[in-house]
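When a ligand or atom number is given, it counts from 1 through the structure's own listing order.
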Amino acid sequence: MIVTAFSIKGYDKTFLEAATSKAHVKGIQWRWHEEPLRAETSRLASGSDAVCCFVNDSLDSSCIEALADLGVKLICLRCAGYNHVDLRASKKRNLLVVRVPKYSPHAVAEHTVGLMLMLNRHLHKAYNRIREGNFSLHGLMGFDLYKQTVGLIGTGQIGACVAKILLGFGCRVIAHDITENASLVDEGVTYTTLSGVLKQSKIISLHCPLSDATHHLINSASVSEMQNGVMLINTSRGALIDTKAIIDGLKQGTVGSLGLDVYEEEAGLFFEDKSSSIIQDDTFMRLLTFPNVVVTGHQAYFTREAMEAIASQTVRNLCNFLEQKPLEALVQIR
Ligand code: NAD
């Protein structure tokens, strides 16, 4: 089976090759491409049975049509989210979609809490200050996380891990989800409405998937419900936040600090070295001018454990398809 992999970095290849040899599978022939998958690059999959893709590949209907015309049968995602795949188009052309539903929720949760600590204690400023010989504490005052109210939107695998870490800090954790997790309630999490989370929280962290229902969940109306000076963290998907609305909130001071690992226009920007380029996205560049904004480039998942788990589930998905076994991580298309 020929598998054409897109958006491949050296580290992806290393982990996928190791997982393939560990699985002792002979039938998988990899073709590696650094290019992202989109309609224009889909011809690289010519002669393949499967494509293997990542978060910023664009599997819209024209890309899916092109892949189906080339004879591709399987879309194997190296990620949990599938908001970037036109599932209706893939169903129409009988392309199966598999993903990695769970790799390391701890990786993303720990990074999320890292962003909270960094913003609260101004670690990004302190790092630079000390290197310049400036030992003044002015502007570095934070608050105790202990007893603060932190609101989570989405308490699936990652949200649940974040909740447990914060309960360990002694925070009051409140949450909103369309499905409540009873075991989290037993551990001390209180569920409330979306509005309840927006109004009561000193820190709000987003952990729901991107869908039509959650697109721009955080907009100017929701910002107006938040406490003055709220800290907002998004390690989920960029388009959960209307960036322009959040910039207005930052300018007015309603939003006290912002930690992002994802950005709605990150495709073509994140995962690449742009340090010698002129970045054309003025909205993104405006975000970087705020002293109370920290952005990381979609690295929350990036731990050794997560990379091993992603690679082994990806290879397992491909083996199951090859051996015509049930696809445990099939994305169900309604
Ligand atoms: P999950 O499916 O386990 O949990 C998602 C939760 O969101 C579920 O409990 C679901 O009921 C809830 N939800 C769905 N719609 C909602 C809504 N409208 N309002 C409130 N809650 C809603 O997913 P997960 O593994 O916890 O991952 C969460 C998200 O994190 C993923 O969708 C993905 O976008 C993102 N993610 C980011 C990275 C990264 O590196 N930054 C890595 C992995 C995943």
Quick test of your reading of the model: are [X] and [Y] salt-bridged, counting only N-O distances below 4.0 Å?
X      : Y      : value
Glu323 : Lys325 : yes
Asp69  : Arg93  : yes
Glu328 : Arg316 : yes

Could you check [atom] against the protein and tell me its nearest heavy-atom contact, residue, atom and distance included?
atom                    : answer
atom 40 (O) of ligand 1 : Tyr301 N, 3.1 Å
atom 37 (C) of ligand 1 : Thr235 O, 3.1 Å
atom 22 (C) of ligand 1 : Cys208 CB, 3.6 Å
atom 28 (C) of ligand 1 : His207 O, 3.4 Å
atom 31 (C) of ligand 1 : Ser236 OG, 4.1 Å
atom 25 (O) of ligand 1 : Gln157 NE2, 3.5 Å
atom 43 (C) of ligand 1 : Tyr103 OH, 2.8 Å
atom 4 (O) of ligand 1  : Gly156 CA, 3.2 Å

Side chain, backbone, both or neither: which part of [X] has a heavy atom under 4.0 Å from ligand 1?
X      : value
Asn83  : neither
Ile178 : both
Lys102 : neither
Pro209 : both

Can you sort out which atoms of ligand 1 are near [X], meaning under 4.0 Å from one of its heavy atoms?
X      : value
His298 : 39 (C), 40 (O), 41 (N)
Arg237 : 33 (C), 34 (O), 35 (C), 36 (N), 37 (C)
Asp261 : 39 (C), 40 (O), 41 (N)
Val108 : 38 (C), 42 (C), 43 (C)
Thr214 : 17 (C), 18 (N)

* **Sub-4.0 Å heavy-atom contact, Leu210 with ligand 1** =>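 No.
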
* **Test item, Gly81 contacting ligand 1 (heavy atom, 4.0 angstrom)** =>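 No heavy atom of Gly81 comes that close to ligand 1.
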
Side chains of [X] and [Y]: donor-acceptor distance under 3.5 Å anywhere?
X      : Y      : answer
Ser183 : Asn181 : yes
Thr296 : Asp261 : yes
His106 : Glu305 : no
Tyr263 : Asp281 : yes
Asn317 : Thr314 : no

* Asked: Are any non-hydrogen protein atoms located under 4.0 Å from atom 11 (O) of ligand 1?
  ->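 Protein heavy atom within 4.0 Å of atom 11 (O) of ligand 1: present.
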
* **Stacked cation flag Lys9 on Phe271, 6.0 angstrom / 45 deg** =>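 Not flagged: Lys9 not positioned over aromatic ring of Phe271.
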
* Within 45° cone and under 6.0 Å: Arg129 NZ/CZ vs Tyr127 ring ->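 So Arg129 doesn't make the cation-pi contact.
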
* Can you check whether Lys199's main-chain N or O pairs, donor with acceptor, with Gln227's side chain at less than 3.5 Å? ->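 Side chain of Gln227 to backbone of Lys199, a donor-acceptor pair under 3.5 Å: yes, one is there.
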
* To do: Check the angle between the aromatic planes of Tyr301 and His298 and answer parallel, tilted or perpendicular using the 30° and 60° thresholds.
  =>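 Answer is perpendicular, since the angle exceeds 60°.
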
* **Aromatic centroids of Phe6 and Phe54 separated by under 6.0 Å** =>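 They do not qualify: ring centres at least 6.0 Å apart.
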
* For atom 13 (N) of ligand 1, which candidate among Val55, Ile158, Thr179, Asp177 holds the nearest heavy atom? ->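 Result: the heavy atom closest to atom 13 (N) of ligand 1 is in Asp177.
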
